[in-house]
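Data first, discussion second: the structure below is written as structure tokens.
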Amino acid sequence: MKLATWNVNSLKVRLPQVLDWLKLHQPDVLCLQETKLEDANFPVPEIQAAGYQVLCSGQKTYNGVAILTRDAAREALAEIPGYSDPQKRVLAATIGGLRVICLYVPNGQSVDSEKYRYKLGWLEVFGSWLTHELSRHPRLAVLGDFNIAPAPRDVHDPALWEGKVLFSEPEREAFCRLAGMGLKDAFRLFEQPERSFTWWDYRMQAFRRKMGLRIDHILLSDALAKACTACSIDIEPRRNERPSDHAPVIAELNLIIDSGSSRIEA
DNA sequence: ATGGTAGAAACTCTA
């Protein structure tokens with residue numbers, strides 16, 4: 001089975017690209033971020049026509065997450081229990097015995113900003129909830145835009161980015177804390193090309209100049225990491241006309257979803 | 001020196 005994540009930066013603009021991508025890659029699950037749509041305006045008929053069911057939690061203008069899934073989802077949750085946040089950034093669902101969490105971590109703007117403090121606080125709260133989710137769901141995957149480059153090799157110019165938002169030490173520590181809960185960075189389970197990134201700023205021709213960061217991730221619990229056979233970044237959509245500034249990330253798992261019995265078979 | 005581009009929305013904010 002294939003799990004994927006893509007920050008589309010407006011689903012309204014990117015819907016044709018998403019439909020093309022679904023057809024080409026046929027993932028079992030696709031997590032979307034920055035849909036920027038209220039749920040009432042989500043393009044459900046178009047997604048269903050492509051063979052996917054929709055779970056979404058969105059708002060006007062900013063943020064918004066969704067999970068597109070071939071198989072039925074249950075136990076959907078659109079907020080971290082006990083943490084009321086008007087910003088729609090998290091969506092969890094159980095799909096055939098697999099717990100999937102789609103997330104859009106706050107960007108943080110700059111390290112001296114109120115938004116940066118919100119980001120670190122958000123990660124703290126998310127981490128506590130994740131501990132609880134992991135205790136209930138050994139087969140768990142967290143996919144999304146983490147807005148954190150975990151290591152120097154995930155940044156085109158680590159010296160330039162040192163201490164900057166997306167690569168600052170407190171953010172990297174927060175990422176390590178999540179990974180330390182028994183989650184594996186699927187991308188780093190395999191040998192990868194150097195300078196592998198998932199986001200390139202629209203400005204200064206960053207994509208053409210290969211000035212990117214790897215900030216979109218798929219984290220897998222140990223049980224799922226053992227079944228993971230590949231993980232890659234698909235940079236092709238970043239070459240499109242009117243592209244998202246992010247590329248999709250795909251993980252392949254040697255598992256079969258059995259939605260009838262909600263079990264997973266190796 | 002704080003640039004630049006894109007999206008949504010509404011003359012600005014967020015990334």
Side-chain angles (χ1 to χ4, degrees), chain A residues 5-21 31-44 46-47 56-66 85-91 102-123 126 143-150 154-168 170-172 174-175 197-217 233-249:
Chain A
T5 180
W6 191 6
N7 179 325
V8 290
N9 185 20
S10 169
L11 185 57
K12 189 180 175 185
V13 172
R14 236 64 71 187
L15 180 61
Q17 295 183 39
V18 170
L19 294 174
D20 286 349
W21 197 84
C31 294
L32 301 176
Q33 301 85 36
E34 285 204 88
T35 52
K36 301 186 179 180
L37 283 174
E38 287 180 312
D39 294 347
N41 299 327
F42 202 93
V44 175
E46 291 89 339
I47 299 292
C56 58
S57 175
Q59 64 188 100
K60 216 189 284 188
T61 314
Y62 304 119
N63 311 311
V65 286
D85 185 351
Q87 302 190 26
K88 304 298 188 186
R89 297 184 174 278
V90 65
L91 189 55
C102 171
L103 85 175
Y104 175 48
V105 175
N107 171 284
Q109 197 169 60
S110 62
V111 293
D112 55 1
S113 68
E114 184 53 47
K115 291 190 178 67
Y116 181 81
R117 290 186 284 277
Y118 164 65
K119 179 180 194 173
L120 293 181
W122 192 97
L123 286 162
F126 175 76
L143 303 90
D145 177 0
F146 286 68
N147 269 314
I148 302 171
D154 300 314
V155 180
H156 69 92
D157 184 345
L160 180 72
W161 280 84
E162 190 60 53
K164 299 276 202 319
V165 74
L166 309 184
F167 189 55
S168 73
E171 293 167 89
R172 292 162 64 186
F175 185 90
F197 308 125
T198 64
W199 170 80
W200 302 259
D201 200 306
Y202 283 123
R203 295 166 290 189
M204 298 174 72
Q205 304 186 83
F207 181 64
R208 189 184 60 73
R209 296 160 69 190
K210 304 186 192 304
M211 295 165 58
L213 271 65
R214 192 176 72 92
I215 58 176
D216 300 84
H217 306 293
I233 299 163
D234 178 20
I235 67 164
E236 288 310 315
R238 190 63 178 79
R239 304 188 207 278
N240 289 347
E241 273 186 51
R242 290 194 90 184
S244 167
D245 45 351
H246 294 252
V249 184

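This is a predicted model, so every value here is computed, not measured. In what follows, every chain begins at residue 1, and chains take the letters A, B, ... in the order their sequences are listed.
Residues of residues 104-114 of chain A having a heavy atom closer than 4.0 Å to DNA chain B, listed by number: A:Tyr104, A:Asn107.
Residues meeting the side chain to side chain donor-acceptor pair (under 3.5 Å) test with A:Thr198, sequence neighbours left out: A:Asp216. Evaluation of the ring pair (Phe, Tyr, Trp, His ring centres under 6.0 Å) rule for A:Phe197 yields no partner, not counting sequence neighbours. Residues that satisfy the salt bridge (Lys or Arg N to Asp or Glu O under 4.0 Å) test with A:Arg239, not counting sequence neighbours, are A:Glu236. Remark: A:Tyr116 engages no residue in a ring pair (Phe, Tyr, Trp, His ring centres under 6.0 Å) (not counting sequence neighbours). Legend: residues meeting ring pair (Phe, Tyr, Trp, His ring centres under 6.0 Å) with A:Tyr104, ordered by chain and number and at least two apart, are absent. For A:Glu241, the side chain to side chain donor-acceptor pair (under 3.5 Å) test picks out no residue, with sequence neighbours left out.
Comparing the P positions of B:dT2 and B:dG7 gives a spacing of 26 Å, expressed to the nearest Å. Going from the C1' atom of B:dG3 to that of B:dA9 covers 24 Å, rounded to whole Å. Taking atom P in both B:dT5 and B:dC11, the straight-line distance is 23 Å, to the nearest Å. Comparing the P positions of B:dA10 and B:dA1 gives an interatomic distance of 34 Å, to the nearest angstrom.
What separates CD of A:Glu34 from P of B:dC13 is a distance of 18 Å, to the nearest Å. Note: CZ (A:Phe207) to P (B:dA15) measures 23 Å, nearest angstrom. Rounded to whole angstrom, the span from the CG atom of A:Asp145 across to the P atom of B:dT14 amounts to 17 Å.
Classification of the A:Trp6-A:Trp21 ring pair by plane angle, with boundaries at 30° and 60°, yields tilted.
Within the structure, salt bridge (Lys or Arg N to Asp or Glu O under 4.0 Å) pairs that include any residue of residues 202-215 of chain A comprise A:Asp154-A:Arg214, A:Asp185-A:Arg214, A:Asp201-A:Arg203 (at least two apart or interchain).
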**Message:** Treating primed atoms plus P, OP1 and OP2 as sugar-phosphate and everything else as base, which nucleotides of nucleotides 2-11 of chain B get B, S or - for protein heavy atoms under 4.0 Å?
**Reply:** --BBSSSS--
